[in-house]
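Structure first, then comments.
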Amino acid sequence: MNVQVMAEPKGRLLWVSPTLADAVHEVRASREHGIIDALADAGINCWADKGCKDAGGTVRLLDRGRWDGLSAGQQAVNRSRTKVRALVEQAIATLKSWRLLRMLHRSTTRIANLVQAVLAHHLAGSD
């Protein structure tokens, strides 16, 4: 199952996509859901993991290469971006912590509905 997640820099879940089949690559899923174009149109930079290296638009990744081969500036930027990514990963872990979602063996439509319900419950409780 492939679900795209958007979170604010502090780690609060904002949006989850409809579910796609396992075989869909992250960049393709992001494009199918219109995420990359919507972010670019709004001029919003976002940090993505290595799976989105060819996304383009306003999607940003860590500077690549061996740590000792990066400049001090690149290392500082990577540290900062890694802290933001860690918060987003915590948001994803919030979804994964729901036992209901770990036990799913249903159609992607049902899974998508359950993920959306979990997100709604999460947002309602975070205000």
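All residue numbers refer to positions in the sequence shown, counting from 1.
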Side-chain donor-acceptor contacts of residues 33-44 below 3.5 Å, not counting sequence neighbours, with atom names and distances?
unit_1	atom_1	unit_2	atom_2	d
H33	NE2	S17	OG	3.4
H33	NE2	P18	O	3.4

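- Here D54 pairs with nothing under the side-chain contact (heavy atoms from CB on, under 4.5 Å) rule; sequence neighbours left out.
- Here the side chain of S80 pairs no donor or acceptor atom with the backbone of A76 at under 3.5 angstrom.
- Looking at every heavy atom in both residues, L70 comes nearest to Q75 through O-NE2, 3.5 Å.
- The line from NE2 of H25 to CD of E32 is 12.5 Å long, rounded to the nearest 0.5 Å.
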